[in-house]
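What follows is a set of notes on a single structure, which appears directly below.
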Amino acid sequence: MDARSGETMNDIYEALVEHITENQAQFYRAAYYYVKNREAALDVVQNAICKGLEHYDKLQSKEAMASWFYRIVINEALMYLRKEKKYIAWDETESDLLEGRYDEPAYEADLDMTEKISQLPTEMQVIIQLHFYEGKTLKEIAEIRGTNLNTVKSRLYAACKKLGKALEEEDETLVTRYSKDKRKENLA
């Protein structure tokens, strides 16, 4: 029994099982974001569940559970990528992550943004994914990543700045190309 909170290890274990069951889709999405493959994401989540249940005794309290388990999922995904020594290409046929989104065949902004995010350093990718795609607060991200809140803030700011610059450069290229094409049409 934990003297600070009055929780038994059995209470924590049961709460962990419930947490995993209730949030399994969220964990799958997080894993899929990194490995970009359905089977690999399922393996990552399964490995994370095994590790979490195996080491539940390291949990201090139920309150720490969400960030603790999320960290396990992300670390398992990153470990998978290191083990594979490659990044799996985005598989557009697996659209279960894109459900509910409006598709315009001529413009695939979500995939373009995903590609731009994947070009950022890993720590920036993790923060972007957790904050914007999973809706985690900066404080929660700091807990999940085991880093200082100010570090998370500076990495998020730097990542947004890099993404903004990349999008501006792309827009300038499109505007220039479009303007030249329009002038050619007007001259014809």
Side-chain angles (χ1 to χ4, degrees), residues 1-88 90-91 94-100 114 117-118 120-159:
M1 180 178 284
D2 187 345
R4 290 168 289 171
S5 64
E7 297 172 343
T8 67
M9 292 311 290
N10 193 40
D11 292 340
I12 291 175
Y13 183 84
E14 289 175 15
L16 178 60
V17 170
E18 184 178 331
H19 176 72
I20 291 170
T21 304
E22 289 175 359
N23 297 291
Q24 60 188 335
Q26 182 180 3
F27 301 136
Y28 171 77
R29 272 195 317 273
Y32 189 91
Y33 175 83
Y34 293 100
V35 299
K36 313 277 191 283
N37 177 282
R38 176 175 287 176
E39 289 77 24
L42 290 171
D43 287 344
V44 164
V45 172
Q46 182 177 358
N47 290 342
I49 291 170
C50 289
K51 279 192 178 172
L53 294 176
E54 231 173 80
H55 301 288
Y56 78 96
D57 57 329
K58 294 183 179 168
L59 263 171
Q60 299 296 319
S61 67
K62 291 179 188 176
E63 291 77 33
M65 184 179 311
S67 59
W68 178 80
F69 190 75
Y70 222 98
R71 184 184 312 166
I72 293 173
V73 172
I74 291 171
N75 287 340
E76 281 296 311
L78 295 174
M79 195 177 332
Y80 173 85
L81 291 174
R82 280 192 298 272
K83 187 175 86 176
E84 292 296 309
K85 295 184 182 168
K86 64 180 178 179
Y87 286 92
I88 299 169
W90 180 267
D91 184 357
E94 296 185 27
S95 62
D96 58 331
L97 288 177
L98 305 176
E99 281 182 20
T114 301
I117 292 170
S118 71
L120 294 172
T122 303
E123 278 301 316
M124 288 182 179
Q125 288 181 43
V126 171
I127 291 170
I128 292 284
Q129 189 261 340
L130 290 173
H131 187 63
F132 293 109
Y133 291 95
E134 297 297 329
K136 301 293 181 192
T137 66
L138 297 180
K139 184 179 178 184
E140 289 173 325
I141 295 169
E143 291 172 5
I144 289 168
R145 297 304 299 150
T147 58
N148 183 309
L149 178 61
N150 288 330
T151 303
V152 171
K153 288 178 184 178
S154 65
R155 286 181 180 158
L156 179 62
Y157 175 76

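Counting only residues at least two apart or on different chains, the salt bridge (Lys or Arg N to Asp or Glu O under 4.0 Å) pairs with a member in residues 144-155 are E123-R145, E123-R155.
Under the side chain to side chain contact (heavy atoms under 4.5 Å, CB included) rule, L130 has a single partner from E140, Q125, K136, which is K136.
Closest approach of A31 to V44, counting heavy atoms only: CB-CG1, 3.7 Å. Here the closest non-hydrogen pair linking I144 and R71 is O-NE, 2.5 Å. H19 approaches A66 most closely through the heavy-atom pair NE2-CA, 3.6 Å. Between V35 and A77, the closest heavy-atom pair is CG1-O, 4.1 Å.
The CE atom of M79 sits 6.5 Å away from atom CZ of R82, with the distance rounded to the nearest 0.5 Å. Here the OH atom belonging to Y80 is positioned 7.0 Å from the NZ atom belonging to K83, to the nearest 0.5 angstrom. Taken to the nearest 0.5 Å, the OG1 atom of T137 stands 8.5 Å off from the CG atom of L149. To the nearest 0.5 Å, atoms CG (L42) and CD (Q24) are separated by 10.0 Å. Atoms CD1 and CD1, from I74 and I141 in turn, are 8.5 Å apart once rounded to the nearest 0.5 Å. Summarising the geometry, atom CZ belonging to R38 is positioned 13.0 Å from atom CG belonging to D43; distances are rounded to the nearest 0.5 Å.
At least one side-chain heavy atom of L53 sits under 4.5 Å from a side-chain heavy atom of Y13. For the pair I117 and Y133, the minimum side-chain heavy-atom distance is below 4.5 Å.
Counting non-hydrogen atoms of other residues, nucleotides and ligands closer than 6.0 Å to NZ of K62 gives a total above 12.
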Open item on the list: As a quick check of understanding, evaluate side-chain contact (heavy atoms from CB on, under 4.5 Å) for I72 and N75, giving each step before the final call.
Closed with: CA-CA 5 Å; I72 293 173; N75 287 340; 5.9 Å; no

- [ ] Evaluate the criterion side-chain contact (heavy atoms from CB on, under 4.5 Å) for residue pair L138 and H131; output intermediate values, then yes/no.
- [x] CA-CA 7 Å; L138 297 180; H131 187 63; 3.9 Å; yes

TODO: Using the side chain to side chain donor-acceptor pair (under 3.5 Å) rule, take Y70 and E134 through it: C-alpha gap first, then chi angles, then the decisive distance, then the call.
DONE: CA-CA 11 Å; Y70 222 98; E134 297 297 329; 3.1 Å; yes

TODO: Go through the steps for V73 and Y34 under the test side-chain contact (heavy atoms from CB on, under 4.5 Å), then give the verdict.
DONE: CA-CA 10 Å; V73 172; Y34 293 100; over 6 Å; no

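A ring-centre distance under 6.0 Å is found for F69 and F27.
T21 contributes a side-chain N or O that, together with a main-chain N or O of V17, makes up a donor-acceptor pair within less than 3.5 Å. Side chain of N37 to main chain of A40: a donor-acceptor pair is present (N/O by atom type, distance under 3.5 Å, no hydrogens or angles).
Cation-pi geometry between K58 and Y56 is not met at under 6.0 angstrom from the ring centre and within 45 degrees of the axis.
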